[in-house]
Amino acid sequence: MTALPLVFDAPRRGKPPRHLADLTREEARAAVADLGQPAFRADQLSRHFFRGTTDPAQMTDVPAAARESLTSTLLPGLLTPVRHQAADGGRTRKTLWRLHDGALVESVLMRYPDRATVCISSQAGCGMACPFCATGQGGLTRNLSAAEIIGQAVAAARAMADGDLPGGPGRLSNVVFMGMGEPLANYARVRKTLEALYTPAPHGLGLSQRSITVSTVGVVPGIRKLTEEGLSVTLAVSLHAPDDELRNTLVPVNTRWKVAEVVAAADAYAERTGRRYSVEYALIRDVNDQPERADLLGKLLARRRAHVNLIPLNPTPGSPWDASPLPAQREFVARLRAAGVPTTVRDTRGQDIDGACGQLAAADLAEGVPSVAVVPPEPVEPPVELGAEADE
Ligand code: SAH
């Protein structure tokens, strides 16, 4: 099959159709009333949505005659699975989703003995341009709506409940915003998503805040907003270098928010929540893995409420960089620990299906055509969008 049908099929880019998960409860009740239905149907629909029920025939608590209009108006299918890829004996599953306008995003579900984590995307593509990250290379296509982000978690919860991954039926316990995109550059929708993730049924998935991790390049105003709003989700900051000079090249947004500002914002968040934040550091051979950098990082983070999570670089196509060799990794860990900084090395799941950190590019469509060829990026959008006003 060629890519042409997809190109022609792709409707004009724009806002996804209205969805219950994007509305406030009042708006949802009003929308249901507009269809001549009692307001409590909004709660029923919400329960079905968060349970991952997509077939109107299964919504037996809703009168048959009303199911079609209610679901087509408030629960349009926003995520179409293009394909699943499995790794790690089936315990890791990556899904490529097509959105209403042809944009593509990926999510990865990982089952462990004691938990199940889904890694979700908050944007199609990413505007942060980190040179070692596959997603960063294609640029930003667009922000996802809250319903598009929440839908990835709901699908994962449903897959767990249905026992789609080996080990029988289970429960989704964790969500990490470590898929495509910069969550704090899509603040209002991510905020709405967080609420849906931790709110109990029927209006959410009922996860605990600490089992939800928001990972950011260091969008300082976004970290401050999380702090001001009194959230207690786990914060992860992608530092990758302890010094501005190197960080400017690895995380270009560092020219806007420097290392000192980023850790200060994360400190304030940790102060507020009483919990450690995680510092992510992709170990890149001969780039940021020198013993001196470990010492510098140790000095920076000692006595802060921080935990370092080292990620051996997952090499991405076309990148000249490689993961640090094991002895360099060990030395790095030892020096950080000697400085009193709790440090772990991340287990990288799904490497063989390009499902590991930083590998999500949605560039390998079934048709073999990169997503950017299907959906060209929109004309200039501000890379960082903050505040509900700017968002909608
Ligand atoms: N925009 C968010 C989420 C990105 S993905 C952020 O930057 O935090 C989650 C983590 O994977 C980030 O720490 C990111 O820097 C890291 N990452 C990206 N590319 C990687 C790669 N090729 N190898 C290892 N980690 C990578």
Side-chain angles (χ1 to χ4, degrees), residues 19-28 46 50 117-123 126-128 143-154 173-179 181-239 253 256-258 260-280 304-307 382-392:
H19 191 286
L20 183 78
D22 290 314
L23 305 180
T24 63
R25 279 187 216 171
E26 295 68 39
E27 287 167 343
S46 190
F50 284 105
T117 302
V118 68
C119 173
I120 59 173
S121 297
S122 55
Q123 299 182 311
C126 185
M128 300 295 122
N143 279 328
L144 301 194
S145 66
E148 287 170 330
I149 310 173
I150 297 165
Q152 298 167 56
V154 168
S173 55
N174 296 67
V175 175
V176 298
F177 286 79
M178 294 186 185
E182 166 49 44
L184 298 185
N186 186 14
Y187 190 90
R189 288 131 180 150
V190 165
R191 176 72 187 83
K192 177 91 179 155
T193 301
L194 294 176
E195 193 183 315
L197 296 178
Y198 61 69
T199 300
H203 296 291
L205 284 177
L207 303 178
S208 79
Q209 286 207 46
R210 61 175 57 206
S211 63
I212 303 167
T213 300
V214 173
S215 178
T216 176
V217 284
V219 175
V220 167
I223 300 174
R224 291 201 186 118
K225 269 188 114 169
L226 291 175
T227 313
E228 284 158 17
E229 295 191 35
L231 285 159
S232 55
V233 297
T234 301
L235 176 67
V237 174
S238 299
L239 206 60
V253 80
R256 190 149 163 200
W257 297 292
K258 306 245 163 279
E261 256 185 291
V262 172
V263 292
D267 284 347
Y269 184 75
E271 182 68 32
R272 174 79 191 248
T273 59
R275 292 180 42 235
R276 289 181 187 281
Y277 54 95
S278 198
V279 166
E280 290 167 282
R304 293 186 193 270
R305 278 199 170 101
H307 163 275
V384 173
E385 174 192 323
L386 287 167
E389 319 73 49
D391 242 351
E392 210 49 37

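All residue numbers refer to positions in the sequence shown, counting from 1. Heavy atoms only: backbone and side chains are in, while hydrogens, waters and symmetry mates are out.
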Give, for atom CD of E280 and atom OG of S238, the distance between the pair rounded to the nearest 0.5 Å. 4.0 Å
If the condition is salt bridge (charged side-chain N to carboxylate O under 4.0 Å, His left out), which residues does R275 pass it with, not counting sequence neighbours? none
List the atom of A268, the atom of T227, and the distance in Å for their closest heavy-atom pair. O-CG2, 3.8 Å
F177 side chain reached by T213 side chain, heavy atoms, under 4.5 Å: no
With sequence neighbours left out, the residues meeting salt bridge (charged side-chain N to carboxylate O under 4.0 Å, His left out) with R25 are none
If you define the side chain from C-beta out and look only at heavy atoms, does anything of V118 sit under 4.5 Å from Q152? no
Could you grab the distance from atom CG of N143 to atom CD of Q123, nearest 0.5 Å is fine? 5.0 Å
Quick check for you: to the nearest 0.5 Å, what is the distance between T193 atom OG1 and L144 atom CG? 8.5 Å
Heavy-atom closest pair, residues A153 and L205: CB-CD1, 3.9 Å
Using modelled atom types only, decide if a donor and an acceptor are shared between the side chain of S215 and the backbone of M178 within a distance under 3.5 Å. no
Pairwise distance OG1(T234) to CZ(R276) - rounded to 0.5 angstrom: 12.5 Å
Please give me the minimum heavy-atom distance between P183 and V214, naming the atom from each residue. CG-CG1, 4.0 Å
Note: P202 and S46 closest approach over all heavy atoms is O-OG, 2.7 Å
Is the closest side-chain heavy-atom distance between V220 and V262 below 4.5 Å? yes
For a quick test of reading the model, state the closest non-hydrogen atom pair linking L20 to A28 and the distance between them. CD1-CB, 3.5 Å
With side-chain hydrogen bond (donor to acceptor under 3.5 Å, both in side chains) as the criterion, how do E182 and T216 come out once you've worked through the C-alpha distance, each side chain's angles and the decisive distance to 0.1 Å? CA-CA 6 Å; E182 166 49 44; T216 176; 2.7 Å; yes
Below 4.5 Å, heavy atoms only, C-beta onward: do V263 and V237 meet side chain to side chain? no
Give me each pair satisfying salt bridge (Lys or Arg N to Asp or Glu O under 4.0 Å) with a member in residues 143-152, each pair once, sequence neighbours excluded. R142-E148
Within the 4.5 Å heavy-atom criterion, are Y187 and V219 side-chain neighbours or not? no
Approximate separation, where rounding is to 0.5 Å, of I212 CD1 and I120 CD1: 9.0 Å
Applying side-chain contact (heavy atoms from CB on, under 4.5 Å) to V175 and Y198, what does each step give before you reach the verdict? CA-CA 10 Å; V175 175; Y198 61 69; over 6 Å; no
Rounded distance [0.5 Å steps], OG in S145 versus CD1 in I150: 8.0 Å
Report yes if some heavy atom in the side chain of T273 is under 4.5 Å from a heavy atom in the side chain of L235; otherwise report no. no
Which residues satisfy the ring-ring contact (aromatic ring centres under 6.0 Å, His included) test with H307, sequence neighbours excluded? none
Give a yes or no answer on whether the side chain of N186 reaches the backbone of S122 with a donor-acceptor pair at less than 3.5 Å. yes
Of the non-hydrogen atoms in E195 and T199, which two are nearest, and what is the gap between them? O-OG1, 2.5 Å
For E229, all residues meeting salt bridge (charged side-chain N to carboxylate O under 4.0 Å, His left out), sequence neighbours excluded: R191
Return the set of residues passing salt bridge (charged side-chain N to carboxylate O under 4.0 Å, His left out) with E271 (not counting sequence neighbours), or none when no residue passes. R305
